[in-house]
Amino acid sequence: MLRVQGSDTNWYNNLLVDPTLKISVNGAKIAAKGKPMTDSSRVDDIVRKFKSNYGEGDVKKYYTKLDVAVEVPL
């Protein structure tokens, strides 16, 4: 997961305190633990995947700080 404003978001800072996440897809709900990623090479890899999926223009337009990501093992 990438956050739009990176490490400046409340969502990310709350995750640092309590990594428990609730994920819901098509009515199915699960609990998972988010793992903060700050290693620049891993974050860059996630950014590349987002750009590949959503287009470089949209990522540049909406994601203002690309310094962290969150890994969610399912």
Side-chain angles (χ1 to χ4, degrees):
M1 297 177 128
L2 270 182
R3 300 312 308 159
V4 173
Q5 296 171 329
S7 60
D8 291 339
T9 62
N10 286 335
W11 184 91
Y12 181 78
N13 289 310
N14 289 338
L15 180 86
L16 296 176
V17 175
D18 181 5
T20 304
L21 302 170
K22 295 177 184 172
I23 299 171
S24 176
V25 176
N26 294 332
K29 298 177 184 180
I30 63 165
K33 296 280 185 184
K35 180 180 175 187
M37 295 178 5
T38 56
D39 178 81
S40 61
S41 64
R42 292 191 71 202
V43 173
D44 289 346
D45 184 49
I46 299 298
V47 171
R48 277 191 295 279
K49 290 175 182 176
F50 264 66
K51 286 179 179 178
S52 174
N53 196 38
Y54 300 110
E56 189 166 344
D58 278 347
V59 172
K60 192 173 195 177
K61 181 178 179 180
Y62 295 110
Y63 292 82
T64 59
K65 189 173 182 181
L66 301 170
D67 62 338
V68 296
V70 176
E71 180 178 28
V72 183
L74 300 176

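Owing to the predicted nature of the structure, the values given are computational and were not obtained by experimental measurement.
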Check the pair Val17, Asn14 against side-chain contact (heavy atoms from CB on, under 4.5 Å), reporting the backbone distance first and the verdict last. CA-CA 5 Å; Val17 175; Asn14 289 338; 5.7 Å; no

Please step through side-chain contact (heavy atoms from CB on, under 4.5 Å) for the pair Leu21 and Leu15, ending with a clear verdict. CA-CA 8 Å; Leu21 302 170; Leu15 180 86; 3.6 Å; yes

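Scanning for salt bridge (charged side-chain N to carboxylate O under 4.0 Å, His left out) contacts around Lys65 gives Asp8, Asp67, with sequence neighbours left out. With sequence neighbours excluded, the residues that form a side-chain contact (heavy atoms from CB on, under 4.5 Å) with Thr20 are Asp18, Lys33. Partners of Val4 according to the side-chain contact (heavy atoms from CB on, under 4.5 Å) rule, which considers only residues two or more places apart in sequence or in another chain, are Tyr63.
Note on Asp45 versus Arg48: salt bridge recorded, some NZ/NE/NH1/NH2 to OD/OE distance being below 4.0 Å.
Using a distance-only test at 3.5 Å, with no hydrogens or angles considered, no donor-acceptor pair links the side chain of Asn53 to the main chain of Lys49.
Linking Ile, Leu, Val, Met, Phe, Trp and Tyr whenever their side-chain heavy atoms come within less than 4.5 Å leaves Val68 and Val47 in two separate clusters. Neither Leu16 nor Met37 shares a network with the other; the hydrophobic side chains, linked directly or stepwise wherever heavy atoms of I, L, V, M, F, W or Y lie under 4.5 Å apart, form separate groups for each.
Heavy-atom minimum distance, Val72 versus Gly34: CG2-CA, 4.4 Å. The minimum heavy-atom distance between Pro73 and Ala32, with the atom names listed, is O-CB, 4.2 Å. In plain terms, the two heavy atoms of Tyr12 and Ala69 that are nearest each other are CE1-O, 4.2 Å. Nearest heavy-atom pair, Ile46 versus Leu2, reported as atom, atom and distance to 0.1 Å: CG2-CG, 3.8 Å.
More than 12 heavy-atom neighbours from other residues, nucleotides or ligands sit within 6.0 angstrom of CD on Glu71.
Atoms OG and CG, on Ser7 and Leu66 in that order, are 10.5 Å from each other to the nearest 0.5 Å.
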